[in-house]
Amino acid sequence: MVALRRSLVPLLCLMALSLSQCLSPTDPGNLVPPTADQDSKLPQVTLRIAGHSRQVHLQTFGDAENPPLLLLHGSLSDYRALLPFEALSDRYYVIMWDQRGNGLSERVTGDEYTFDSVVEEIEEIRARYAGNRPVSLIGHSFGAMYSALYMSRYPERVDQAVLVEPGGLNGQLFGDTFDQVINIDLFNPELSETYWQTEVLSPSSHEAMDYKALLLLENGHQTNYFCDADHPPRWPVWRPGAFVEYRRGKLMGAGLSGGSFEFDFAKGLDAFPRKVLLLAGSCSALGPDYQQRYHQPLFGDAEVVTIENAGHRMFVEQMDEVLDAVRGYLSQYQ
């Protein structure tokens with residue numbers, strides 16, 4: 001009964017002053033928070049990427065004269081979970097943003113979301129907030145993969161990099177290890193509940209798509225990421241970007257014959273001239289064994305550090321240990 005009531009929530013009208021006045025569940029702010037283009041009060045900047053100007057939700061912390069540090073969130077996420085890294089603003093100029101089409105940033109169209117445009121976006125942020133200086137990067141999950149892609153294109157513009165549990169950095173690795181990481185149970189009742197809603201709440205708008213993605217994030221548990229798969233830690237997120245996830249899968253080659261993936265974020269990483277930190281949770285399928293076997297050999301110099309009693313969402317499980325490990329690597333703390 002509780003599950004049924006939760007499923008029916010988006011079907012209910014939000015009453016204003018009388019029962020006859022209802023708001024559409026797909027209007028901005030009803031199912032999910034409004035994006036920066038819909039709410040001028042959000043901290044934001046305008047970025048022109050791939051020929052389109054978009055409002056991007058962004059915040060900076062610390063002294064702009066300090067060494068710049070960029071943080072990149074992962075899939076079905078935004079920078080909300082990364083906010084504890086504000087603690088690094090005592091010695092770094094910390095820049096966090098919701099990547100285009102994610103979180104509270106403006107939504108995008110398919111033609112403007114490519115891997116080249118992702119690199120262009122990171123470079124635009126770097127140039128705007130760091131000028132001619134190289135940046136340090138902290139990327140989580142797919143944000144770590146995008147950090148690696150940027151490093152491979154612009155090694156001279158990256159000073160230090162912390163890659164927190166990237167998935168396979170090329171199509172071969174990603175495909176070969178997919179079943180180790182993803183565990184889709186079509187009979188999972190919470191997953192079934194989420195898809196049942198399509199009967200009454202179709203994914204016809206970004207609001208509806210993002211709301212359903214939020215339910216998947218909270219209820220699906222279809223990844224081998226956690227110390228306790230039945231009770232994973234809640235993940236702080238304002239709003240997932242469902243369309244970006246769909247588009248990214250297409251770019252990676254998902255759905256091609258044979259199930260192959262066709263992308264390469266690792267080409268040239270062996271020539272990166274500085275040490276890289278690979279951070280891994282002890283409970284995660286993308287943990288230390290994965291990083292040591294598949295990713296450490298891709299770099300000329302990379303260290304794997306394990307965060308004990310933590311999974312892929314280590315920021316909400318062992319944040320103090322994460323910060324200790326990151327400070328131990330970053331030059332401004334040595």
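Values reported hereafter were calculated over all heavy atoms of this structure, with side chains retained and with hydrogens, waters and symmetry mates removed.
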(request) Could you check if a side-chain atom of M96 sits within less than 4.5 angstrom of a side-chain atom of L83, using non-hydrogen atoms only? (result) yes
(message) List the residues meeting ring-ring contact (aromatic ring centres under 6.0 Å, His included) with Y290, not counting sequence neighbours, and say none if there are none.
(response) Y294, H295
(message) Would you compute the distance between atom OH of Y211 and atom OG of S205 and round it to the nearest 0.5 angstrom?
(response) 12.5 Å
(request) State whether the side chain of R239 and the backbone N or O of V32 hold a donor-acceptor pair below 3.5 Å, judged by distance alone. (result) no
(request) Could I get the full list of salt bridge (charged side-chain N to carboxylate O under 4.0 Å, His left out) partners for E317, not counting sequence neighbours? (result) none
(request) Return yes if some donor-acceptor pair links the side-chain N/O of T60 with the main-chain N/O of V94 below 3.5 Å, else return no. (result) no
(message) With a 4.5 Å cut-off on side-chain heavy atoms, are L251 and Y113 touching?
(response) yes
(request) Can you sort out the partners of E308 under salt bridge (charged side-chain N to carboxylate O under 4.0 Å, His left out), two or more places apart, ordered by chain and number? (result) none
(message) If I take atom CD from residue Q59 and atom CG from residue L42, how far apart are they, to the nearest 0.5 angstrom?
(response) 9.5 Å
(message) Would you compute the distance between atom CD1 of I125 and atom CG of L58 and round it to the nearest 0.5 angstrom?
(response) 5.0 Å
(message) Suppose we screen for ring-ring contact (aromatic ring centres under 6.0 Å, His included). Which residues come up paired with Y154, at least two apart in sequence or across chains?
(response) Y150
(request) To the nearest 0.5 angstrom, please state how far the OG atom of S77 sits from the CG atom of L82. (result) 8.0 Å
(request) Answer yes if the ring centres of F85 and F315 are under 6.0 angstrom apart, and no otherwise. (result) yes
(message) side-chain hydrogen bond (donor to acceptor under 3.5 Å, both in side chains) for Q160 and Y92? Distances and angles first, verdict last.
(response) CA-CA 12 Å; Q160 305 164 106; Y92 285 85; 3.3 Å; yes
(message) What I want to find out is whether R100 reaches E106 closely enough, with some N-O distance under 4.0 Å, to be called a salt bridge.
(response) no
(message) Can a donor-acceptor pair be found, under 3.5 Å and without considering hydrogens, that links the side chain of S284 to the backbone of L286?
(response) yes
(request) Decide whether a cation-pi geometry holds between R327 and Y333; the criteria are a distance under 6.0 Å from NZ or CZ to the six-membered ring centre and an angle within 45° of the ring axis. (result) yes
(message) Quick one: does any side-chain atom of D78 pair with a main-chain N or O of V237 as donor and acceptor, under 3.5 Å?
(response) no
(request) Using the disulfide (SG to SG under 2.5 Å) rule, collect all pairs that involve residues 267-323, keeping only residues at least two apart or in two chains. (result) C227-C283
(message) Go through it in stages, so that I can follow the logic: the residues are D270 and F299, the test is side-chain contact (heavy atoms from CB on, under 4.5 Å), and I'd like the CA-CA distance, side-chain angles, deciding distance and then a yes or no.
(response) CA-CA 4 Å; D270 56 342; F299 297 90; over 6 Å; no
(request) Answer yes or no: is there a donor N or O on one side and an acceptor on the other, between the side chain of T177 and the main chain of L173, under 3.5 Å? (result) yes
(request) Taking side chain to side chain contact (heavy atoms under 4.5 Å, CB included) as the test, write out the residues that go with Q292, two or more places apart. (result) P288, D289, Q296, V304
(request) Would you check, one step at a time, whether the test side-chain hydrogen bond (donor to acceptor under 3.5 Å, both in side chains) holds for W97 with E121? (result) CA-CA 11 Å; W97 80 100; E121 178 180 344; 2.8 Å; yes
(message) Could you work out, with salt bridge (charged side-chain N to carboxylate O under 4.0 Å, His left out) as the rule, every residue matching D116, not counting sequence neighbours?
(response) R153
(request) Give a yes/no verdict on a cation-pi contact between R248 and F142, requiring under 6.0 Å between NZ or CZ and the six-membered ring centre and an angle within 45° of the axis. (result) yes
(message) For A36, is there any backbone N or O sitting under 3.5 Å from a side-chain donor or acceptor partner on Q44?
(response) yes
(request) Would you tell me whether S105 and Q55 have side-chain atoms, one donor and one acceptor, within less than 3.5 Å of each other? (result) no
(message) If we ignore hydrogens and angles and just use 3.5 Å, is the side chain of R274 paired with the main-chain N or O of D159 as donor and acceptor?
(response) yes
(request) Check whether any side-chain heavy atom of I138 lies under 4.5 Å from a side-chain heavy atom of L72, and answer yes or no. (result) no
(request) Using salt bridge (charged side-chain N to carboxylate O under 4.0 Å, His left out) as the criterion, list what pairs up with E86, not counting sequence neighbours. (result) none
(request) Output, in order, the C-alpha distance, side-chain angles, deciding distance and verdict of side-chain contact (heavy atoms from CB on, under 4.5 Å) for S152 and K267. (result) CA-CA 6 Å; S152 73; K267 185 178 180 179; 5.8 Å; no
(request) Determine, step by step, whether T223 and H312 satisfy the side-chain hydrogen bond (donor to acceptor under 3.5 Å, both in side chains) criterion, reporting the C-alpha distance in whole Å, the side-chain angles of both residues, the deciding distance to 0.1 Å, and the verdict. (result) CA-CA 10 Å; T223 51; H312 195 59; over 6 Å; no
(request) Give a yes or no on whether a salt bridge exists between K41 and D39, defined as a side-chain N under 4.0 angstrom from a carboxylate O. (result) yes
(message) Holding to ring-ring contact (aromatic ring centres under 6.0 Å, His included), I want the full list of residues that pass it with W235, two or more places apart in sequence or in another chain.
(response) H140
(message) Could you measure the distance from the NE2 atom of H73 to the CZ atom of R80? Nearest 0.5 Å is fine.
(response) 13.5 Å
(request) State, with a plain yes or no, whether a side-chain heavy atom of L277 is found less than 4.5 Å away from one of V305. (result) yes
(message) Please check: side-chain N/O of R126 versus main-chain N/O of R133, any donor-acceptor pairing under 3.5 Å?
(response) yes
(message) Please determine whether side-chain hydrogen bond (donor to acceptor under 3.5 Å, both in side chains) holds for the pair T35 and Q38, giving the CA-CA distance in whole Å, both sets of side-chain angles, and the decisive distance to 0.1 Å.
(response) CA-CA 5 Å; T35 50; Q38 299 167 336; 3.2 Å; yes
(request) State, with a plain yes or no, whether a side-chain heavy atom of F243 is found less than 4.5 Å away from one of R107. (result) no
(request) Test side-chain contact (heavy atoms from CB on, under 4.5 Å) on L149 and V119 and set out the steps. (result) CA-CA 7 Å; L149 176 61; V119 173; 3.6 Å; yes
Do any side-chain atoms of residues 62-70 form donor-acceptor pairs under 3.5 angstrom with protein atoms, and if so which ones, sequence neighbours left out?
from: D63; atom 1: OD1; to: E65; atom 2: N; distance (Å): 2.8

(request) Kindly indicate whether the side chain of F61, heavy atoms from C-beta on, has any atom under 4.5 Å from the side chain of Y93. (result) no
(message) Side chains of E262 and M252, heavy atoms from C-beta outward: is any pair under 4.5 Å?
(response) no
(message) Is the ring pair F178/F174 parallel, tilted or perpendicular, if the boundaries are 30 and 60 degrees?
(response) tilted
(request) Could you please spell out the steps behind the salt bridge (Lys or Arg N to Asp or Glu O under 4.0 Å) verdict for E303 and K275? (result) CA-CA 8 Å; E303 177 187 7; K275 183 178 180 179; 2.9 Å; yes
(message) Measuring only between side-chain heavy atoms, which start at C-beta, is T109 closer than 4.5 Å to H52?
(response) yes
(request) Measure the spacing between CG of N102 and CG of L76 and express it to the nearest 0.5 Å. (result) 8.5 Å
(message) I'd like to check the ring-ring contact (aromatic ring centres under 6.0 Å, His included) partners of Y79; sequence neighbours left out, ordered by chain and number.
(response) H57, W238
(request) With sequence neighbours left out, write down each residue that passes side chain to side chain contact (heavy atoms under 4.5 Å, CB included) with R128, or none if nothing qualifies. (result) V45, L47, E124
(message) Using modelled atom types and a 3.5 Å cut-off, is there a donor and acceptor pairing between side-chain atoms of R247 and backbone atoms of K250?
(response) no
(message) Using a 3.5 Å distance criterion without hydrogens, assess whether the side chain of T306 forms a donor-acceptor pair with backbone atoms of S282.
(response) no
